[in-house]
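Following: one structure in structure tokens, then a few remarks.
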Amino acid sequence: MQHIMRSVFQLLRHDVFYDRRRLYQREGVRELLLRQHKAIFDAIMARDPESARAAAEKHILYARDALQESRVSEQRLEVSLRRIGRDSLAAVSDREAQ
């Protein structure tokens, strides 16, 4: 069990670090995430489990949705760049044929 937990921890730590960097690149997201973390902390310190649960749930859902949106944007960018590259190659081929 300890080996499994260490493996899961390493996986989560790596992915969370990468995803956090991706999220922080978006304007205003870092501040919003910090406010969400503070809301969770404040609820825990106030010994208010319902508020802590609600704040944590809101945070997790926001992070999930923001990451999904970020991934979709990255995929669109990759497709656009491939299309631009393909168009550039076609233009070069046309010029060479003339």
Distance in Å, Q68 CD paired with S73 OG, rounded so as to fall on 0.5 Å steps:
10.0 Å

Using 0.5 Å steps for rounding, measure from the CZ atom of R82 to the CG atom of L77.
10.0 Å

Gap between atom CD of E78 and atom CG of L81 - 0.5 Å precision:
8.0 Å

So NZ of K38 and NE2 of H59: to nearest 0.5 Å the spacing works out to 15.0 Å

Cluster question for you: counting only ILVMFWY and a side-chain heavy-atom cut-off of under 4.5 Å, with indirect links fine, are V29 and L67 together?
yes

Test salt bridge (charged side-chain N to carboxylate O under 4.0 Å, His left out) applied to R26 and E31, E69, E74, the passing residue
E69

Say you draw a straight line from CD1 of I40 to OG of S51; how long is it, rounded to the nearest 0.5 Å?
11.5 Å

